[in-house]
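In what follows, a structure is listed as structure tokens, so that the remarks can point back to it.
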Amino acid sequence: MKGSSRLRRLLPYLAFTALVLTLAACTGETTQYPNSTFEPKTELGRSIDDLWDILLLLGMIVFVLTELVLAFVVFKYRNNKEAKHTHGNTRLEILWTLIPAVILVFIAVPTVRTIFQTQAPAPAGALKVEVIGHQWWWEFKYPEYGVTTANELYIPVGRTVSFALTTKDVIHSFWIPQLGAKRDAISNRTNYIWLTADTIIAPSVWNGFCTEYCGASHSFMRFRVFTVTPEQFASWIAGQQATAAFNAGPATGTDTVQLAAGAAPGYFFPRESMPAYAVPHRAYPPAITFPAGLTGDPARGQTAFMMGGCIGCHTVRGNPMAVGVIGPDLTHIATRHTLAGGIYPNTTDYLARWIKNARVMKPGSLMPTLGKGEFDPILKRTAPVSLDDQQIADIVAYLQQLR
Ligand code: HEC
Ligand SMILES: [Cu+2]
């Protein structure tokens with residue numbers, strides 16, 4: 001009995017200690033806390049972070065003063081047994097109306113200032129990027145350059161980027177914690193947000209998330225943002241503007257293709273430089289098997305890609321048959337490091353399993369289950385259009401040529 005009441009008395013202190021420890025854990029190095037909002041790398045992030053600091057400080061002052069007064073009164077009058085009730089005290093009432101009003105003014109001024117700053121139209125000359133939310137992946141378009149990509153966004157440091165946010169279906173929310181951007185993508189309206197990545201940061205990659213619940217695979221709707229130098233960005237854009245290298249030459253085999261393509265692919269962030277926090281480490285569902293070491297032929301893969309229904313949903317620029325817009329643009333899929341809303345690494349193993357049974361790889365996915373004999377969890381039957389393992393290996397070999 002005695003023990004439990006002592007515990008109850010200790011509880012507030014324990015809760016407070018836990019809170020302090022939790023808050024203390026919220027700072028640190030980028031690599032340690034890669035998704036922290038407390039080390040902003042843009043002016044947008046800093047204006048929000050500065051406001052947070054002010055509010056935290058003001059809140060702490062009010063908290064400490066209030067607790068001190070409370071503790072003082074509790075101790076001072078602890079033996080007072082003749083407290084008497086009073087009714088009405090004009091001076092007190094004016095005081096406890098005025099003090100909060102003053103506090104609110106101190107909070108309102110910096111808050112309103114930050115709201116105006118973060119809602120202002122982007123400065124002229126900003127790089128325009130259209131962000132389109134889909135269940136459950138992100139489409140990025142650079143209208144000035146005619147470039148479309150998915151789930152991996154490149155922005156140059158030092159140049160303001162103005163995002164125009166829309167959605168193809170339900171409400172999504174675009175969030176890059178380290179860069180400060182967080183805004184909803186809603187129906188029938190374009191929302192804007194702009195930011196400038198600090199020039200002092202070395203080429204880096206940041207994690208992005210959908211942060212508005214949007215259905216079965218909401219938590220699998222991620223993306224990466226690469227902040228690169230202006231030169232690297234120009235090279236990346238040039239590479240992405242080119243049509244798929246594969247179609248630049250006769251589709252007769254790997255070597256011919258690469259030689260015929262001639263131009264080196266534009267810059268893309270080197271895979272070996274990907275920090276651990278940006279590499280997806282989700283294992284594929286063990287139910288989807290694929291023979292290890294099965295090699296494919298890219299030319300056969302291109303044919304299978306056209307016959308297998310892929311072109312109905314995917315664009316590969318340079319291939320006049322592949323103009324689908326339901327799924328991500330695959331023109332330069334081999335320059336991306338992740339698949340399917342950034343949840344899997346873009347490797348042979350994962351790519352093959354993705355094509356084999358996307359709906360088991362990602363619940364609810366609009367990409368159908370396509371592997372021979374595979375069970376489609378949405379249609380509740382085996383895949384109607386089906387590709388055997390060799391065809392899938394061929395398609396993988398083809399996709400891996402698309403740089
Ligand atoms: C009915 C439309 C549809 C068909 C047919 C289809 N896909 Fe997809 N595909 C999608 C959608 C939608 C996604 C995005 C899924 C997600 O991330 O939630 C996708 C994603 C992908 C991705 C990952 C792209 C990325 O950037 O993350 C690859 C690769 C892919 N599909 C290849 C194929 C291939 C190869 C075929 C044919 C064998 C095919 N798809 C057929 C709709 C389709
Ligand atoms: Cu979502």
Side-chain angles (χ1 to χ4, degrees), residues 132-140 148-153 167-175 182 184-186 208-224 280 282 296 298 301-316 319 321-348 350-372 374 376 378-379 383-389 391-402:
I132 303 147
H134 295 255
Q135 280 174 317
W136 292 276
W137 56 282
W138 296 94
E139 185 172 18
F140 301 119
T148 300
T149 185
N151 305 323
E152 296 190 11
L153 177 69
T167 172
K168 263 271 144 43
D169 35 58
V170 300
I171 300 177
H172 302 280
S173 190
F174 177 76
W175 188 33
K182 186 182 200 184
D184 284 5
I186 61 178
F209 304 86
C210 177
T211 177
E212 179 71 55
Y213 180 72
C214 58
S217 277
H218 159 65
S219 62
F220 296 155
M221 185 170 167
R222 311 204 183 153
F223 59 103
R224 304 288 184 279
R282 176 172 302 279
Q302 187 181 34
T303 313
F305 185 81
M306 308 226 266
M307 308 309 286
C310 320
I311 53 174
C313 295
H314 293 287
T315 293
V316 176
N319 181 340
M321 304 277 285
V323 292
V325 292
I326 294 169
D329 187 307
L330 299 179
T331 311
H332 296 284
I333 178 73
T335 65
R336 303 208 279 265
H337 299 312
T338 64
L339 292 177
I343 60 165
Y344 292 119
N346 185 4
T347 61
T348 311
Y350 282 86
L351 207 45
R353 283 171 174 79
W354 175 259
I355 297 168
K356 196 163 180 177
N357 202 337
R359 287 184 172 171
V360 169
M361 293 286 274
K362 189 169 182 178
S365 176
L366 260 140
M367 165 124 170
T369 291
L370 295 168
K372 194 171 220 145
E374 290 287 309
D376 183 328
I378 294 178
L379 298 180
V385 185
S386 65
L387 301 164
D388 62 29
D389 286 348
Q391 284 171 308
I392 293 176
D394 292 342
I395 293 177
V396 169
Y398 166 63
L399 293 178
Q400 287 176 336
Q401 296 289 316
L402 302 179

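Read the numbers this way: they start at 1 and go in the same order the structure lists the ligands and their atoms.
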Checklist line | Contacting atoms of ligand 1, where contact means under 4.0 angstrom from a heavy atom of Gly341 | finding: 17 (O)
Next item on the list: May I ask which of Leu351, Ile343, Thr338 has a heavy atom nearer to atom 29 (C) of ligand 1 than the others do?
Entry: Leu351
Note to self: Counting non-hydrogen protein atoms only, what is the nearest one to atom 26 (O) of ligand 1? Give residue, atom name and distance.
What the structure shows: Arg336 NH2, 2.9 Å
Check: What residue and atom, counting heavy atoms only, is the protein's closest point to atom 12 (C) of ligand 1, and at what distance?
Finding: Leu366 CB, 3.6 Å
Checklist line | Residues Asp394, Tyr398; criterion side-chain contact (heavy atoms from CB on, under 4.5 Å); working and verdict | finding: CA-CA 6 Å; Asp394 292 342; Tyr398 166 63; over 6 Å; no
Item checked: Top protein contact for atom 25 (C) of ligand 1, by heavy-atom distance -> Ala340 N, 3.8 Å
Item checked: Set of side chain to side chain contact (heavy atoms under 4.5 Å, CB included) partners for Met321, sequence neighbours left out -> Met306, Ile311, Asn319
Checklist line | Option from Ile333, Leu399, Thr338, Thr335 for which side-chain contact (heavy atoms from CB on, under 4.5 Å) with Asn346 holds | finding: Ile333
Next item on the list: Please confirm whether Gly312 comes under 4.0 Å of ligand 1, counting heavy atoms of the residue only.
Entry: no
Next item on the list: Check which protein N, O or S atoms are less than 2.8 Å from the Cu ion (ligand 2) and report how many there are.
Entry: 4
Notebook entry, point to check: Non-hydrogen atoms of Leu387 versus ligand 1: any pair closer than 4.0 Å?
Noted result: yes
Notebook entry, point to check: Trp138: what forms a ring-ring contact (aromatic ring centres under 6.0 Å, His included) with it, not counting sequence neighbours?
Noted result: Phe174, Phe223
Check: Stepwise, does the side-chain contact (heavy atoms from CB on, under 4.5 Å) test hold for Ile343 with Lys362?
Finding: CA-CA 9 Å; Ile343 60 165; Lys362 189 169 182 178; 4.3 Å; yes
Next item on the list: Examine distances only and state if a side-chain atom of Gln135 and a backbone atom of Cys214 form a donor-acceptor pair shorter than 3.5 Å.
Entry: yes
Next item on the list: Show all protein N/O/S atoms under 2.8 Å from atom 8 (Fe) of ligand 1, or state that there are none.
Entry: His314 NE2, Met367 SD
Next item on the list: Check whether the side chains of Glu152 and His337 place a donor and an acceptor atom closer than 3.5 Å, and report yes or no.
Entry: no
Next item on the list: Could you check atom 17 (O) of ligand 1 against the protein and tell me its nearest heavy-atom contact, residue, atom and distance included?
Entry: Lys362 NZ, 2.9 Å
Check: Which of the numbered atoms in ligand 1 are below 4.0 angstrom from a heavy atom of Leu339?
Finding: 27 (O)
Check: With distance as the sole test, does Arg359 use its side chain to make a donor-acceptor pair with the main-chain N or O of Ser365 at under 3.5 Å?
Finding: yes
Note to self: Quick check on contacts: which atoms of ligand 1 are under 4.0 angstrom from a heavy atom of Ser365?
What the structure shows: 15 (C)
